[in-house]
Amino acid sequence: MANAASGMAVNDECKLRFLELKAKRTYRFILFKIEQQQVVIDKLGGPNESYDDFTASFPPDECRYAVYDFDFTTDENCQKSKIFFIAWSPDSSKVRMKMVYASSKDRFKRELDGIQFELQATDPSEMSLDIVKGRAF
């Protein structure tokens, strides 16, 4: 279904893979891109991939959306998991691309039920592991 404001559709595959990440933990992360007026999967990260693998997957000059399943242990020694949504919009990307991603983000995020935190990043330092840890605790 296309979004009236941005004209953007969300490929069903995006929702299916997100459910697998959330429920079955099949993936550690998923990168999404907008292609031909719809959000599609760009990359799937396996369950054993690290946060460094995740951040290395972002193109330096193109926008992306991503979800990351962050595992951590609380001070009480409990295993927890939080799903982060990251809107990647590097300064070096084209203005039109940034506008399309910005106008479609909320609509796309609503399709992915179960996101606990959101980060917006224009360079890798804005989505460092320390920032993610700080938000999760």
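Note that the structure is predicted; figures quoted are calculated from it, not measured.
- Tested against S50, the residues D53, N48, D52 include a single side-chain hydrogen bond (donor to acceptor under 3.5 Å, both in side chains) partner, D53.
- Of all heavy-atom pairs between Y65 and V100, the closest is OH-O, 4.3 Å.
- For the pair I30 and I41, the minimum side-chain heavy-atom distance is below 4.5 Å.
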Passes side-chain contact (heavy atoms from CB on, under 4.5 Å), V40 versus E13? Steps please.
CA-CA 7 Å; V40 296; E13 188 81 2; over 6 Å; no
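- Residues F108 and F58 do not share a hydrophobic cluster, clusters being chains of Ile/Leu/Val/Met/Phe/Trp/Tyr side chains in contact below 4.5 Å.
- Closest non-hydrogen pair, M127 versus I86, comes out as SD-CG2, 3.8 Å.
- With hydrogens and angles disregarded, no donor-acceptor distance shorter than 3.5 Å links the side chain of S93 to the backbone of S89.
- In terms of heavy-atom proximity, P90 sits nearest to P59 at CG-O, 4.3 Å.
- Note: the hydrophobic cluster containing I83 also contains L44 (ILVMFWY, side chain heavy atoms under 4.5 Å, direct or indirect links).
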List the steps, then state whether side-chain contact (heavy atoms from CB on, under 4.5 Å) holds for I34 with S104.
CA-CA 9 Å; I34 295 175; S104 305; 4.3 Å; yes
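- The backbone N or O of W88 lies less than 3.5 Å from no partner atom in the side chain of Y101, so there is not a single donor-acceptor pair.
- Hydrophobic clustering (side-chain heavy atoms under 4.5 Å, transitive across Ile, Leu, Val, Met, Phe, Trp, Tyr) groups V10 together with L21.
- Interatomic distance, CZ of F54 versus CZ of F84, reported as 10.0 Å (0.5 Å rounding).
- Side-chain contact between Y68 and R28 is present, with at least one heavy-atom pair separated by less than 4.5 Å.
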In sequence, state the C-alpha distance, the side-chain angles, and the governing distance for R25 and S81, and then conclude on side-chain contact (heavy atoms from CB on, under 4.5 Å).
CA-CA 10 Å; R25 310 197 59 153; S81 171; 3.6 Å; yes
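- Annotation: the span from E126 atom CD to L119 atom CG amounts to 9.5 Å, rounded to 0.5 Å.
- Taking the side chain as every heavy atom from C-beta outward, E20 and Y27 approach each other to under 4.5 Å.
- In this structure, K80 contributes its side chain and F137 its backbone to no donor-acceptor pair below 3.5 Å.
- The residues E118 and K109 are annotated as salt-bridged, a charged nitrogen and a carboxylate oxygen being separated by less than 4.0 angstrom.
- Interatomic distance, K22 NZ to I115 CD1, rounded to the nearest 0.5 Å: 9.0 Å.
- The distance from atom CG of D61 to atom CE of M97, rounded to the nearest 0.5 Å, is 8.0 Å.
- With 3.5 Å as the limit, one finds a donor-acceptor pair spanning the side chains of D123 and S125.
- The OG1 atom of T74 sits 8.5 Å away from the CD atom of Q79 when rounded to the nearest 0.5 Å.
- Across all non-hydrogen atoms, the minimal contact from D113 to F18 is O-CE2, 3.1 Å.
- The two residues A136 and F117 come nearest to each other via the heavy atoms CA-CE1, 4.1 Å.
- Hydrophobic clustering of Ile, Leu, Val, Met, Phe, Trp and Tyr side chains at less than 4.5 Å, counting indirect connections, unites F72 with F29.
- The two residues S57 and K43 make their nearest non-hydrogen contact at OG-NZ, 3.2 Å.
- Here CE of M8 is found 4.5 Å from CD of Q37. Values are rounded to the nearest 0.5 Å.
- The hydrophobic cluster containing I131 also contains F70, counting ILVMFWY residues as joined when their side-chain heavy atoms lie under 4.5 angstrom apart, directly or transitively.
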Using the rule given for side-chain contact (heavy atoms from CB on, under 4.5 Å), can you reason through V67 versus F85, listing the C-alpha separation, both sets of side-chain angles and the distance that settles it, and then say yes or no?
CA-CA 5 Å; V67 289; F85 179 88; 4.0 Å; yes
